[in-house]
Engineer: 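The structure follows.
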Amino acid sequence: MSSDPVASESGAGIRTVAVVGSGYMGGGIAQVLALSGRDVVLSDVDAAKAEAARVRLLDEARRFVKTDLFDPGSVEILEQRLRAADSIESAVADVDYVTEAVFEDRQVKADALRRISRAARADTVIGTNTSAIPIGELAESVERPERFLGVHWMNPAPFVPAIELIATPQTSEDAIARVEAMVTEAGKVPARIADSPGFVANRLQFALYKEAVRMVDEGLATPSQIDTVVSNAFGFRLALFGPFAIGDMAGLDVYAASYESLSAEYGERLAAPERLRKTVDEGNLGIKSGRGFLDIPSEDVPALLAYRDAAYRRLSVLRRELGAAPGLDAAAQAEKESGQ
């Protein structure tokens with residue numbers, strides 16, 4: 001992980017940050033923002049818990065440096081940039097940005113956001129790290145909601161690039177732009193999306209999980225078998241491309257035909273989306289026809305396919321070098337022995 005001790009001036013004035021909720025996610029967010037050159041103050045239910053979190057994060061950083069997960073010098077940056085506060089109010093009183101990362105409970109988050117917005121400066125931007133609660137609902141607990149937005153980090157925060165930025169109709173462009181600049185400087189990949197329960201990442205993730213559990217219930221495969229298929233098939237590709245890029249490269253006519261077979265067995269639940277049918281009927285089949293869901297220039301297609309093949313090859317080599325994830329082979333063996 002990059003550890004640049006000096007944030008650039010393009011961060012639109014966000015130089016100081018408070019993290020409310022110093023658990024696993026909040027702690028990881030604090031590490032990332034401190035290592036990007038910002039002064040970060042941690043707060044929790046009391047001063048002792050916040051200080052314990054600070055100590056834990058420094059110890060974790062030492063382990064990460066030893067295992068090459070953090071760059072050399074990261075511990076020294078965190079020692080300089082990261083401190084614990086006596087209370088939520090003292091943490092947020094004079095910072096440019098607050099990220100709320102308390103427990104994923106509507107009432108707990110609403111209470112925390114009320115305390116934050118009452119104690120923070122009027123110009124302080126406030127972000128909530130919720131996984132699925134609509135941002136518009138949480139905005140009702142925030143004074144001056146024009147400075148409030150969803151900033152959804154992925155677990156583990158130091159290592160997963162994506163961050164979802166979710167505005168409400170009241171959120172100002174300035175607030176979104178300031179946070180977008182800040183997380184980009186911290187090495188993350190932000191995406192602005194609309195406000196909806198689960199947003200993009202979790203709506204897709206939980207849809208997949210539900211179908212996987214259904215397959216276990218149907219006796220189609222065991223959990224370990226499904227994990228093996230997913231991680232070595234389309235999940236392997238998803239490490240590098242999103243579903244629309246993968247579909248355009250595979251051919252949308254192939255997708256439409258596959259949906260016909262699926263819907264014959266499973267009905268409307270797995271019928272072809274209407275937009276896919278319409279796209280195929282218009283002759284837009286992906287890169288083979290020049291256009292699909294994505295408008296990929298034809299002159300870039302050979303380079304794209306060469307990139308894909310090289311990337312898949314390198315990912316395959318990396319996975320062989322890493323070997324099997326600890327514990328998963330034992331889990332698969334336990335399934336076999338139990339007759340699942």
Side-chain angles (χ1 to χ4, degrees), residues 132 152 154 160-167 169 173 176 180 184 188-215 218 220-221 226-316 318-319:
H152 181 209
M154 308 295 163
V160 179
I163 292 180
E164 293 177 314
L165 301 181
I166 311 103
E173 171 61 27
I176 303 170
E180 189 171 48
T184 299
K188 299 302 180 181
V189 182
R192 298 189 186 194
I193 60 173
D195 188 14
S196 178
F199 318 124
V200 170
N202 279 333
R203 183 170 168 182
L204 290 171
Q205 179 172 252
F206 284 106
L208 168 63
Y209 190 80
K210 183 176 181 179
E211 193 66 25
V213 173
R214 190 191 296 253
M215 289 178 176
E218 292 172 352
L220 178 63
I226 291 172
D227 277 358
T228 295
V229 171
V230 171
S231 63
N232 290 281
F234 67 87
F236 178 92
R237 297 193 293 263
L238 287 170
L240 294 159
F241 301 103
F244 288 109
I246 292 170
D248 275 12
M249 286 188 280
L252 300 185
D253 52 338
V254 176
Y255 271 38
S258 296
Y259 272 113
E260 287 186 15
S261 297
L262 290 168
S263 63
E265 177 66 25
Y266 301 110
E268 187 61 29
R269 177 165 62 93
L270 289 177
E274 182 57 36
R275 185 159 183 173
L276 172 63
R277 292 196 191 100
K278 184 174 184 295
T279 301
V280 171
D281 288 345
E282 291 172 348
N284 296 319
L285 311 180
I287 62 174
K288 68 171 72 175
S289 69
R291 188 172 185 178
F293 276 100
L294 303 178
D295 192 8
I296 300 171
S298 58
E299 63 269 22
D300 290 337
V301 168
L304 171 62
L305 297 180
Y307 173 94
R308 178 198 65 186
D309 294 345
Y312 288 167
R313 166 63 178 168
R314 291 182 66 176
L315 182 56
S316 296
L318 173 62
R319 288 179 53 143

Engineer: What's the shortest heavy-atom distance between P190 and T184, and which atoms?
Structural biologist: CG-OG1, 3.4 Å
Engineer: Is it true that a side-chain atom of E164 and a backbone atom of V200 form a donor plus acceptor pair closer than 3.5 Å?
Structural biologist: yes
Engineer: Quick one: pull up CD1 in I287 and CG in D248 and give me the separation to the nearest 0.5 Å.
Structural biologist: 8.0 Å
Engineer: OH of Y266 to CZ of R269: how many Å apart, nearest 0.5 Å?
Structural biologist: 7.0 Å
Engineer: Taking it one step at a time, do I296 and M249 satisfy side chain to side chain contact (heavy atoms under 4.5 Å, CB included)?
Structural biologist: CA-CA 10 Å; I296 300 171; M249 286 188 280; 5.7 Å; no
Engineer: I need the Y259 OH to L276 CG distance, nearest 0.5 Å.
Structural biologist: 7.0 Å
Engineer: Determine, stepwise, if the pair L305 / R308 fulfils side chain to side chain contact (heavy atoms under 4.5 Å, CB included).
Structural biologist: CA-CA 5 Å; L305 297 180; R308 178 198 65 186; 3.6 Å; yes
Engineer: Is the count of non-hydrogen atoms from other residues, nucleotides or ligands lying under 6.0 Å from R275 atom CZ greater than 12?
Structural biologist: no
Engineer: If only atom types and distance count, is the side chain of R277 paired as donor or acceptor with the main-chain N or O of A256 below 3.5 Å?
Structural biologist: no
Engineer: Quick one: does any side-chain atom of K188 pair with a main-chain N or O of V160 as donor and acceptor, under 3.5 Å?
Structural biologist: yes
Engineer: Rounded to the nearest 0.5 Å, what separates atom NE2 in H152 from atom CD1 in I163?
Structural biologist: 10.0 Å
Engineer: Evaluate the criterion side chain to side chain contact (heavy atoms under 4.5 Å, CB included) for residue pair L252 and N284; output intermediate values, then yes/no.
Structural biologist: CA-CA 8 Å; L252 300 185; N284 296 319; 5.7 Å; no
Engineer: For F293 and F244, take the angle between the two ring planes, folded into 0 to 90°, and tell me which bin it lands in: parallel under 30, tilted 30 to 60, perpendicular over 60.
Structural biologist: tilted
Engineer: For the residue pair A250 and Y255, what are the closest heavy atoms and their distance?
Structural biologist: CB-CE1, 3.9 Å
Engineer: Nearest 0.5 angstrom please: L304 CG to D309 CG, how far?
Structural biologist: 9.5 Å
Engineer: Test of understanding: with side chain to side chain donor-acceptor pair (under 3.5 Å), list the residues that count as partners of R192, not counting sequence neighbours.
Structural biologist: E173, E180
Engineer: Please round to the nearest 0.5 Å and tell me the distance separating atom CD of Q205 and atom CE of M154.
Structural biologist: 8.5 Å
Engineer: Can a salt bridge be assigned to the pair E282 and R291 using a cut-off of 4.0 Å between side-chain N and carboxylate O?
Structural biologist: no
Engineer: How close do A271 and S263 get, heavy atom to heavy atom, and via which atoms?
Structural biologist: CA-CB, 3.7 Å
Engineer: Taking only Lys NZ, Arg NE, NH1 and NH2, and the carboxylate oxygens of Asp or Glu, determine whether K288 and D253 approach each other closer than 4.0 Å.
Structural biologist: yes
Engineer: Quick one: does any side-chain atom of D195 pair with a main-chain N or O of I166 as donor and acceptor, under 3.5 Å?
Structural biologist: no
Engineer: Which heavy atom of N232 sits nearest a heavy atom of F236, and at what distance?
Structural biologist: C-CB, 4.0 Å
Engineer: I would like to know whether K278 and E274 meet salt bridge (charged side-chain N to carboxylate O under 4.0 Å, His left out); could you show each step before the answer?
Structural biologist: CA-CA 6 Å; K278 184 174 184 295; E274 182 57 36; over 6 Å; no
Engineer: Any side-chain heavy atom of I193 within less than 4.5 Å of one from L165?
Structural biologist: no
Engineer: Taking the six-membered ring for Trp, are Y307 and F241 parallel (under 30°), tilted (30 to 60°) or perpendicular (over 60°)?
Structural biologist: perpendicular
Engineer: Just do the side chain to side chain contact (heavy atoms under 4.5 Å, CB included) check on L315 and L240 with the steps written out, would you?
Structural biologist: CA-CA 9 Å; L315 182 56; L240 294 159; 4.2 Å; yes
